[in-house]
Amino acid sequence: MSDITQFDVLLINVYLLAIFTNLIKTKTIIHLYRFFKLLVVVLIVVAIIEMVREQIVWHEALIKGLPIIPLFVVTVQTEFVLILKKLGFKGGHLFSNTIEDTVKIELIKSVDFLSSKRIGALITFEKTNSLDEYISTAYPINAQLNHELLSTIFFPSTPLHDGAVIVRMSNIVCAGAYFPPTERLDIPKTFGSRHRAAIGISEITDSLTIVVSEETGKISVAVDGYLDHDISKEALLLYLEKHLQS
Ligand SMILES: Nc1ncnc2c1ncn2[C@@H]1O[C@H](COP(=O)(O)OP(=O)(O)OP(=O)(O)O)[C@@H](O)[C@H]1O
């Protein structure tokens, strides 16, 4: 323990901070981070019990507890970054996916059309967590979302219809994006890879995804790792109002 220098502590701190703030998007890191947070809480509780039991004064406790300080600092920093992201603070400016009311109407029209024709679709709205890594491997579009464009993209047998459309602000940024599907085992077998991809992306980012089932025409929304299946147009509009500001 005493071999650890302040410089080592600093290095560990910087290293862990880099992992947990930059790679927080990947599932392994999220699981690792949850375990890490639990570890910090356990270590702090053990340290407090030891302090009380052995009547250690605070400065002795500080020296003894030096190795867990980086763990504590990183956890606090990471939590702080996550809270800022939740509040919509990104890269020094307030950010959220603002979507105009006219675009919401176009979107609902398109989803209704796709649903009535039983055309499968996956439409993901980026919020504060960047979807750049999925955009970079998809087909770029960069055009304002409207009913005609969105419906045409998902038309069966056309080159762009497979995969997901990603929407940033009121623009369709790309089509044909692929997401890591959820690894959950409790998802009903009736949900195939499209629905699993929607849940998957909602587990690792704060995005909102609309799914139209090719098989049934049913509309679902995936957000925060949860799939709300078979919802009405009205319920869809409520989701848009709640998650995407005008
Ligand atoms: N990982 C993925 N990311 C994005 N889109 C995907 C992914 N996996 C599958 N898809 C899309 O879903 C289509 C296949 O859907 P599949 O029938 O397996 O799913 P489903 O959930 O049963 O949906 P549906 O009810 O529409 O049949 C693919 O052709 C592709 O367009």
Side-chain angles (χ1 to χ4, degrees), residues 23-31 97 99 107-143 145 147-168 171-233 235-236 239-240 243-244:
L23 300 179
I24 200 88
K25 285 177 269 180
T26 70
K27 275 182 205 167
T28 322
I29 294 295
I30 289 171
H31 290 144
N97 191 349
I99 163 165
L107 173 75
I108 303 264
K109 252 202 269 180
S110 174
V111 170
D112 193 31
F113 169 80
L114 294 164
S115 159
S116 67
K117 299 279 179 220
R118 297 202 177 180
I119 297 175
L122 197 58
I123 307 155
T124 298
F125 291 83
E126 181 186 55
K127 285 172 70 186
T128 62
N129 300 146
S130 170
L131 297 177
D132 279 345
E133 66 177 287
Y134 309 105
I135 294 169
S136 63
T137 53
Y139 302 102
I141 295 203
N142 294 317
L145 188 156
H147 161 42
E148 291 76 12
L149 176 61
L150 192 58
S151 305
T152 307
I153 289 173
F154 288 110
F155 233 78
S157 311
T158 56
L160 300 184
H161 86 283
D162 263 333
V165 153
I166 296 181
V167 181
R168 178 180 281 161
N171 287 328
I172 295 179
V173 191
C174 67
Y178 273 77
F179 301 135
T182 181
E183 285 162 14
R184 274 171 54 187
L185 301 173
D186 60 335
I187 311 280
K189 292 271 182 293
T190 44
F191 293 134
S193 53
R194 198 187 319 265
H195 290 82
R196 299 189 75 87
I199 300 169
I201 194 65
S202 78
E203 286 172 343
I204 54 175
T205 68
D206 61 356
S207 59
L208 176 143
T209 296
I210 301 170
V211 192
V212 179
S213 166
E214 190 171 42
E215 234 167 273
T216 62
K218 286 179 178 161
I219 303 165
S220 307
V221 166
V223 71
D224 292 333
Y226 173 76
L227 185 83
D228 196 355
H229 181 53
D230 192 12
I231 61 167
S232 63
K233 278 188 291 176
L236 176 60
Y239 267 106
L240 299 180
H243 293 273
L244 311 168

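In each ligand, atom 1 is the first atom listed, and ligand 1 is the first ligand listed. Everything numeric in this text was worked out from a predicted model, so none of it was measured.
- Residue-level proximity to ligand 1 for L122 is carried by the side chain, the only part with a heavy atom below 4.0 angstrom.
- Panel note: side chain T137, backbone Y134; a donor-acceptor pair is recorded below 3.5 Å.
- Residue contacts with ligand 1 for A197 involve side-chain atoms from C-beta outward but no N, CA, C or O (heavy atoms, distance under 4.0 Å).
- The closest donor-acceptor contact from the side chain of E126 to the backbone of L131 lies under 3.5 Å.
- Ranking protein heavy atoms by distance to atom 21 (O) of ligand 1, first place goes to H195 ND1, 2.6 Å.
- For A177, the heavy-atom gap to ligand 1 drops under 4.0 angstrom.
- Not one N or O on the side chain of R168 forms a donor-acceptor pair closer than 3.5 Å with the backbone of N142.
- With hydrogens left out, the protein atom closest to atom 3 (N) of ligand 1 is F179 N, 3.1 Å, a heavy atom.
- A distance-only check finds no donor-acceptor pair linking the side chain of T182 to the backbone of G200 [under 3.5 Å].
- Scanning all protein heavy atoms for the shortest distance to atom 16 (P) of ligand 1 gives S193 OG, 3.6 Å.
- Every atom of ligand 1 with a heavy atom of D162 under 4.0 Å away is listed here by number and element: 28 (C), 29 (O), 30 (C), 31 (O).
- Residue contacts with ligand 1: H161 is placed with no nitrogen or oxygen under 3.5 Å of a nitrogen or oxygen of the ligand (distance criterion only).
- For ligand 1, the polar-atom distance check against G120 finds no nitrogen or oxygen pair separated by under 3.5 Å.
- Of all the heavy atoms in L244 and K127, the pair that sits closest is CD2-CG, 4.1 Å.
- Within the 3.5 Å criterion, the main-chain N or O of G225 finds a donor-acceptor partner in the side chain of R184.
- Paired with T124 under the rule side chain to side chain contact (heavy atoms under 4.5 Å, CB included), one option of I210, T209, T205 passes, and it is T209.
- For atom 31 (O) of ligand 1, a protein heavy-atom neighbour is found at a distance under 4.0 Å.
- In terms of protein heavy atoms, atom 12 (O) of ligand 1 is closest to R194 CB, 3.4 Å.
- For ligand 1 and G192, the ligand atoms under 4.0 Å from any heavy atom of the residue are 19 (O), 20 (P), 21 (O), 22 (O).
- Taking distance alone, with nitrogen or oxygen atoms compared against 3.5 Å, T190 stays at or beyond that limit from ligand 1.
- Protein heavy atom closest to atom 6 (C) of ligand 1, with residue, atom name and distance, is Y178 CE2, 3.7 Å.
- Inclusion of G163 in the set of residues having an N or O under 3.5 Å from an N or O of ligand 1 is warranted.
- Between F113 and H147, the distance separating the two ring centers is shorter than 6.0 angstrom.
- Here the CD1-CG distance, from I219 to L236, works out to 6.0 Å after rounding to the nearest 0.5 Å.
- Residues passing the side chain to side chain donor-acceptor pair (under 3.5 Å) test with K109, sequence neighbours excluded: E106.
- For atom 25 (O) of ligand 1, the closest non-hydrogen atom of the protein is S213 OG, 2.5 Å.
- The closest donor-acceptor contact from the side chain of D228 to the backbone of V221 lies at 3.5 Å or more, if one exists at all.
- Taking a cut-off of under 4.0 Å to the non-hydrogen atoms of E214, the atoms of ligand 1 that pass are 24 (P), 25 (O), 26 (O).
- For atom 27 (O) of ligand 1, the closest non-hydrogen atom on the protein side is E215 OE1, 3.6 Å.
- Residue R196 places no N or O, backbone or side chain, under 3.5 Å from any N or O of ligand 1.
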Assess whether side chain to side chain contact (heavy atoms under 4.5 Å, CB included) is satisfied between T152 and L149, documenting all intermediate values.
CA-CA 5 Å; T152 307; L149 176 61; 5.6 Å; no
